[in-house]
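One structure is given here, and the rest of the page talks about it.
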Amino acid sequence: MTSAPPVITRFAPSPTGHLHIGGARTALFCWAYARRMGGHFTLRIEDTDQARSSDESARGIMEDLAWLGIEWDEGPTHVYNGRTIGGDPRNVGPFFQARRVHLYNQYLRKLVEIGRAYPAFESSEELEAKRKIAVAAKQTYRYDRAAYHAIPTPAERLKRMDSGEPHVLRFLAPSHELIVPDQVLGDIKIPAGELDDFVIRKADGFPTYHFAVVVDDETMGITHVMRAQEHLYNTPRHVALQQALSFRTPAYAHMPLIFNMDASKMSKRDKAKVARLTLKNAIQKDASLTPAALATKLSIEEPAVADFLAAENDRLDIAEAVARVFKINLPEIEVADFRQAGYLPEAITNFISLLGWSPGVKSADGKDLERFDIGFLSQNFAIERIGKTNAKFDRVKLASFDAQLIAEMSDAELVKRLKTWCAEFRPEVTRKLSDDQLTMLAAALKPRCKVLSDIVNVASFALVGDNDYTFDPAAVAKVLKAAPKEGQPSALTILTDMKSGLESLEDFSPAAIDALIHSYAESKALKMGDVAQPLRIAITGSTVSPPLGVTLAVLGKPSTLARLSRGIAQC
RNA sequence: GGCCCCGUCGUCUAGCGGCUAGGACGCGACCCUUUCAAGGUUGAGGUGCGGGUUCGAUUCCCGCCGGGGUCACCA
């Protein structure tokens, strides 16, 4: 019986920080392809860098994946919303590479035995010096294979390895041309001699990425490797290792890269750049902002602040402090950033699906389909439709996807999302606004919010005390204090009339309030704006707010009347 | 610099020898409107350049130009 072997894909992040948005796309495509083909999606944690890896990062990455809805069939277990994701149904774990070192060592030893790997004893400083000389001479540095020739036989190499002397293991690179079969780019030929004898086991005894990946992809039965194009040049190394170890070569698909709109790499350091620029602009405007003064303002040690300004460091905590103090938004780079900024996971997965991939089908209205959910992706994802050209990450378009999702959402669902988001990032909002208030706001919020965090702006009038909101002086001068038009009542009259009208209004609902304002405007032969704007400014201090009925109803009668008094005093 | 990859509106993209080169975001105009939004209608905007192949090139080939990736005891 010949059934096609099951497709097994994997996402293999290194746990050295949060999940990058580009990594999220890689994971999404690997997941979608496995789903589409009825296969397995594996999560493997590549923690062979002892110095930089952390369990906390691994947990964070799993949390971000789960939040996006990208669930792995096998891999480390993670509890999300009370459900456990992961496990080891095929018995191919463990999924942390640090726990697989014994396995790598078996294969490493085999490679030495067959003469394809050898110990090398140069220090990294020695090699670095040689590399510098080569670079200065505009030459490509390649390891000279000295250690290979120094110890001529496998038996002697094994003996030296076991002697306890510090060393690395290098792979004896093949001298023939290598072909990387890639399902996106086609066959890529690497000329003979391009590969040098790269390190496959570090002095600390851990395998390098190249070696661990090859062994794991083989032993975990990975059939399709999808990753970003930055890995393209790694692939010939992996193919060479597979050949030396008599392993299969899985199918490869290298995806185009994602950049910022200005074509720079999307990097965590972008946050520091933005913060630094903000700081510099502030200093230009206000000479009293010395590093010392800034240090106090930011609660950061002065030397670090000075270094930060001089681009000597890119400390994230400083960037975040700047964002807080100067009330700016840092660019979102990692999934956690987008989550904090109030994006919906559905908008993110939809948007990143379109970076380097497109479904290539029309929707019912005859237009190119581009709004779809993760379920659609899992039924339609095809490697053949992965593009070749790099993409720029347009946050404006992402925001529009998010806004549309919010607009289409039911009030109840929006309130639920809002509460979840606020609980995590703006707990004071849920403390100040009741469920009833939030529900009322939800409908008014929908066309006004691009992301959940916009609630803070749209609902800001309700988040301050009745005596704490400030009046926009321009609005007060233009509307409240202005002389009334010929034959029209003054703002003072309108507000006083409205106050008594609202005071006796039994049903303080948005509809009833709107009806009252309408009938008042009609009775005085005023345009709606003539009544609405004075009222809006009196109640919120600003010319901008949700529709008045909602605005007043959310505040409630007592607050509305109290605010009206404050407004009247401004006339 | 060596090796490798890529090149359709500002951006994401559709296109797989013949199309008025389509859609989305953004932008402009108009309509609607109690503010801000949202919504509706509508407009501008693209095949990097030069050679071939072909009756015919966005599409195939070559060169140029431009962009990117990679050259670690990081992944």
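In this text the structure is predicted, and so the values were computed from the model without any measurement.
Residues A:L232 and A:H254 share a closest heavy-atom pair of CD1-ND1, 3.5 Å.
Contact annotation for A:F259: backbone-only contact, meaning every heavy-atom pair under 4.0 Å involves sugar-phosphate atoms and none involves a base. Counting any heavy atom pair closer than 4.0 Å across all strands shown, A:P546 reaches a base atom. At a threshold of 4.0 angstrom between heavy atoms, the contacts of A:K189 are confined to the sugar-phosphate backbone, with no base atom among them. Within 4.0 Å (heavy atoms only), A:S400 reaches sugar-phosphate atoms of the nucleic acid but no base atom. Looking at heavy-atom distances under 4.0 Å, A:E122 makes contact with a base. Within 4.0 Å (heavy atoms only), A:P13 reaches no atom of the nucleic acid at all. Across all strands shown, A:A203 has heavy atoms under 4.0 Å from base atoms, whether or not it also approaches the sugar-phosphate. Residue-level contact check: A:H254 touches neither bases nor backbone, having no heavy atom under 4.0 Å from any strand.
The side chain of A:L185 lies closest to B:C5 when the candidates are B:A75, B:U34, B:C5. Set against B:C73, B:U35, B:A24, the side chain of A:R170 has B:C73 as its closest nucleotide. Nearest nucleotide to the side chain of A:D394, out of B:U11, B:U35, B:C71: B:U11. Ranking B:A37, B:G2, B:C5 by closeness to the A:R448 side chain, first place goes to B:A37. Comparing B:A38, B:C3, B:C73 against the side chain of A:R131 picks out B:C73 as the nearest. Candidate nucleotides B:C5, B:G15, B:C74 were compared by shortest atom distance to the side chain of A:R385, and B:G15 ranks first. Looking at the side chain of A:K265, the nearest of the listed nucleotides B:G23, B:C3, B:U70 is B:U70. Side chain of A:V396, nearest nucleotide from B:C25, B:A37, B:A75: B:C25. For A:K392, whose side chain is taken as the heavy atoms from C-beta onward, the closest listed nucleotide among B:U11, B:U34, B:G23 is B:U11. Side-chain proximity of A:Y233 to B:U70, B:U34, B:C4: nearest is B:U70.
Across B:U11 and B:G46, the matching C1' atoms stand 12 Å from one another, rounded to whole Å.
Residues A:I188 and A:D514 both approach RNA chain B. Their nearest nucleotides, taken by heavy-atom distance, put A:I188 toward the 5′ side. With RNA chain B read from its 5' end, the first of the two nearest nucleotides for A:K388 and A:G360 is the one closest to A:K388.
Applying the Watson-Crick and G-U wobble criteria (two distances, each under 3.5 Å), B:A24 pairs with B:U11. When both pairing distances are held under 3.5 Å, B:C64 makes a Watson-Crick or G-U pair with B:G48. The nucleotide B:C30 finds its pairing partner in B:G40, both defining distances of the Watson-Crick or G-U wobble pair being shorter than 3.5 Å. Across all strands shown, B:U70 pairs with B:G2; the Watson-Crick or G-U wobble distances both stay below 3.5 Å. Pairing of B:U53, defined by two Watson-Crick or G-U wobble distances under 3.5 Å, is not identified with any nucleotide.
Sparse packing is recorded around CD of A:E522, with 12 or fewer heavy atoms of other residues, nucleotides or ligands lying under 6.0 Å away.
Between B:A14 and A:S358, a contact under 4.0 Å exists linking OP1 or OP2 to a side-chain N or O. Residue A:K367 places at least one side-chain N or O closer than 4.0 Å to OP1 or OP2 of B:A24. Between A:T48 and the phosphate of B:A75, there is a side-chain N or O to OP1/OP2 separation shorter than 4.0 Å. Residue A:R237 places no side-chain N or O under 4.0 Å from the OP1 or OP2 atom of B:A75. Look at A:K202 and you'll find a side-chain N or O under 4.0 angstrom from OP1 or OP2 of B:A75.
Here the P atom of nucleotide B:C25 and the CG atom of A:N350 are 12 Å apart, to the nearest Å. Rounded to a whole Å, the OH atom of A:Y343 is 13 Å from the C1' atom of B:C25. The distance from atom CG of A:L548 to atom C1' of B:C36 is 12 Å, rounded to the nearest whole Å. We find that CG of A:D216 is positioned 13 Å from C1' of B:A75, with the value rounded to whole Å. Note: CG (A:D197) to P (B:A72) measures 13 Å, nearest angstrom. Atom P of nucleotide B:G1 and atom NZ of A:K132 are separated by 22 Å, given to the nearest angstrom. For the pair A:I179 CD1 and B:C3 P, the interatomic distance rounds to 18 Å; values are reported in whole Å. As a whole-Å value, the separation of A:E370 CD from B:G15 P is 14 Å.
Between A:Y209 and A:H231, the two ring planes are tilted [angle within 30° to 60°]. Using cut-offs of 30° and 60° for the angle between ring planes, the A:F376 and A:F372 rings count as tilted. Aromatic ring orientation, A:H167 versus A:F121: tilted (interplanar angle from 30° to 60°).
Classification of A:D144 and A:K130 as a salt-bridged pair holds, one side-chain N sitting under 4.0 Å from a carboxylate O. Contact check on A:E194 versus A:K189 returns no salt bridge, with no Lys/Arg side-chain nitrogen under 4.0 Å from an Asp/Glu carboxylate oxygen.
A:R371 forms a cation-pi arrangement with A:F401, by the criterion of a distance under 6.0 Å to the ring centre and an angle within 45° of the ring axis.
For A:T389 and B:G7, a side-chain-to-base donor-acceptor distance below 3.5 Å is absent, hydrogens and geometry of angles not being considered.
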